[in-house]
Amino acid sequence: MSRLSSAPVEPAPLDGSLETYVEHAVLRAPRVREALLTYQAQAARIDAVGAWPRPTLSYFANVRPVETRVGPQRQRVGVRVPIAWPGVRRSPREAAAHRAAAAATRLDALALELRASVAAAYWRVWLVERRGVQLAEQLEVTLALQEVVQSRVAVGAASVADVQQVALRAARIQDELRSIAPARRMREADLRAAIGGAALPEPSIAASLPPIRRITESRDALHAAVAARPELASIESEALAFESEASGARASRYPGLTVGLDWMETGPARQSGVNGDGRDALSVGFMLSIPVDVSADRARASAALLQAAAVRSRVEGFTVDWRAEIERQSATIEDTAARVRLHEATLLPQAQAVFEARLGRAATGQEGGAAGVAALLLAQTDLLQIGIERDALHAEHLVAWAALERVVGRPVAGVENEPLETAPQQTPAPPTPTDEAHADDEVAQ
């Protein structure tokens with residue numbers, strides 16, 4: 001609520017970080033504007049309901065004056081002021097205030113939901129970009145390898161089928177690279193929709209690998225935080241609004257009181273010397289409105305109380321669902337963190353070592369022919385797929401973290417995983433035909 005107002009606020013420029021995208025969504029998304037206007041409308045209704053009943057003013061002119069001893073009564077002015085019971089006036093205002101509070105807390109809940117949806121769209125765009133980078137690196141290696149194999153055909157160390165096999169691999173990578181652009185447009189469309197349609201700059205997403213964290217809070221602390229979710233406060237405010245309506249319906253069963261004042265203008269008497277000649281009449285009166293439909297008011301009060309109970313019954317269902325969601329997202333966070341660590345500590349170094357060994361044996365002629373080329377391409381495929389899997393686990397981990405914070409209703413405490421001692425993944429430089437010729441000479445010697 002503190003970040004939202006009716007006045008337009010200019011968000012910070014998109015710099016590729018997730019926080020700037022979230023800020024754009026909170027300040028610019030159409031759903032936020034709709035929720036803000038709903039809150040403002042509910043707040044405006046507080047002063048529009050529960051007003052004092054309007055007094056009535058009446059005027060009558062006697063076409064035929066009523067002749068009295070003191071003179072003819074020619075016209076009359078009257079005023080009626082209804083007296084409202086406190087409960088009848090107070091209840092609508094209380095109900096409107098509770099509904100305004102419910103709309104305000106729904107704004108806070110929407111901010112949490114937007115953060116999770118923006119994070120999911122953001123990391124999907126990031127994953128597409130990372131895949132494109134890895135495919136481009138592997139295509140460079142494959143094209144260089146194709147030149148190497150082509151040069152070996154001239155000396156009989158490789159066959160045309162070997163060249164075709166490497167060329168097929170390069171064509172498949174190029175095909176996957178061509179699919180990156182439309183995939184990115186689709187993911188960017190989701191991200192633009194999440195942040196309110198703002199144009200995405202280039203480059204729009206941070207390229208570095210995000211950190212992997214582990215949760216440092218206990219499950220009990222996460223479950224306890226659910227009780228402070230804004231949706232629960234919104235449900236309670238909505239239930240209180242129905243209870244206020246019930247109180248007003250009960251107050252409507254009492255008789256209504258109206259105070260009246262009449263002034264009658266009297267003309268001069270026809271006879272002189274009359275006591276009170278031409279004296280105007282002034283009268284005060286009280287009127288009671290008898291509630292003959294008490295059963296209808298009782299039914300309205302009962303219906304409002306039942307509605308309040310029905311609204312409060314959502315709390316238990318929401319709490320059960322949110323606790324289950326905490327367990328699901330926590331399990332996903334723990335699983336993805338462990339698998340990312342496995343990929344970075346074991347799978348990627350092993351796949352890179354196998355690929356480098358295959359590449360070295362192919363360059364020195366120790367492993368030639370179709371079997372050697374096939375083994376090299378298989379090692380390259382494994383290295384690429386493991387790298388893509390590692391990035392996908394990173395994205396899944398961060399999407400689950402944002403979903404967990406949405407359920408908990410606040411940031412979740414965590415700490416980054418301890419740094420690994422293994423070196424970061426690097427795509428080995430492909431052998432050049434010149435390097436291979438030197439290697440062949442050394443083998444011949």
So does [X] pair up with [Y], basic N to acidic O under 4.0 Å?
X	Y	result
Arg172	Asp175	no
Glu176	Arg131	yes
Arg300	Glu245	no

Tell me whether [X] contacts the main-chain N or O of [Y] through its side chain, where contact means a donor paired with an acceptor under 3.5 Å.
X	Y	answer
Gln380	Gln138	yes
Ser234	Pro230	no
Thr258	Pro82	no
Ser91	Val88	no
Thr332	Arg328	yes
Thr216	Ala413	yes
His343	Ile388	no
Ser247	Ser244	no
Arg406	Glu113	no

If you measure from [atom1] on [X] to [atom2] on [Y], what distance do you get to the nearest 0.5 Å?
X	Y	atom1	atom2	answer
Asp190	Arg185	CG	CZ	13.5 Å
Glu396	Leu127	CD	CG	10.5 Å
Gln385	Glu389	CD	CD	6.5 Å
Leu393	Leu398	CG	CG	11.0 Å
Leu404	Glu217	CG	CD	8.5 Å
Trp401	Ser330	CH2	OG	9.0 Å

pair [X]-[Y]: side-chain heavy atoms closer than 4.5 Å:
X	Y	value
Glu344	His394	yes
Arg250	Asp297	no
Arg130	Arg390	yes
Arg229	Phe318	no
Val79	Thr56	no
Leu383	Leu348	yes
Gln146	Leu143	yes
Arg80	Met287	yes

Take Glu325 and Gln329, measure what side-chain hydrogen bond (donor to acceptor under 3.5 Å, both in side chains) needs, and give me the verdict at the end. CA-CA 6 Å; Glu325 186 68 10; Gln329 299 303 337; 2.6 Å; yes
Residue Gln174 excluded, over 12 heavy atoms near CD under 6.0 Å: yes
Please say whether more than 12 non-hydrogen atoms of neighbouring residues, nucleotides or ligands are located less than 6.0 Å from CZ in Arg410. yes
Minimum-distance pair of heavy atoms, taken over all atoms of [X] and [Y]:
X	Y	result
Ala119	Ala402	CB-CB, 3.5 Å
Leu107	Val32	CD2-O, 4.0 Å
Ala308	Ala239	CB-O, 3.5 Å
Ala29	Ala194	CB-O, 4.2 Å
Arg253	Pro291	O-CG, 3.1 Å
Leu110	Ala35	CD2-CB, 3.9 Å

Going through the distances and angles, do Val81 and Trp52 end up as a side-chain contact (heavy atoms from CB on, under 4.5 Å)? CA-CA 10 Å; Val81 180; Trp52 191 274; 4.3 Å; yes
Is there a side-chain contact (heavy atoms from CB on, under 4.5 Å) between Leu168 and Leu377 once you walk through the steps? CA-CA 10 Å; Leu168 175 61; Leu377 295 180; over 6 Å; no
Where do Thr381 and Arg169 land on the side-chain contact (heavy atoms from CB on, under 4.5 Å) test, with the steps shown first? CA-CA 9 Å; Thr381 302; Arg169 174 61 180 162; 3.4 Å; yes
Does the plane of the ring in Trp123 sit parallel, tilted or perpendicular to the ring in Trp126? Use 30° and 60° as the thresholds. perpendicular
Under the criterion side-chain contact (heavy atoms from CB on, under 4.5 Å), I'd like the reasoning laid out for Arg312 against Glu236: C-alpha separation, chi angles, the key distance, then a yes or no. CA-CA 7 Å; Arg312 284 198 175 97; Glu236 181 61 23; 2.9 Å; yes
Examine Arg192 relative to Tyr21 and say whether NZ or CZ is less than 6.0 Å from the centre of the six-membered ring and inside a 45° cone about the ring axis. no
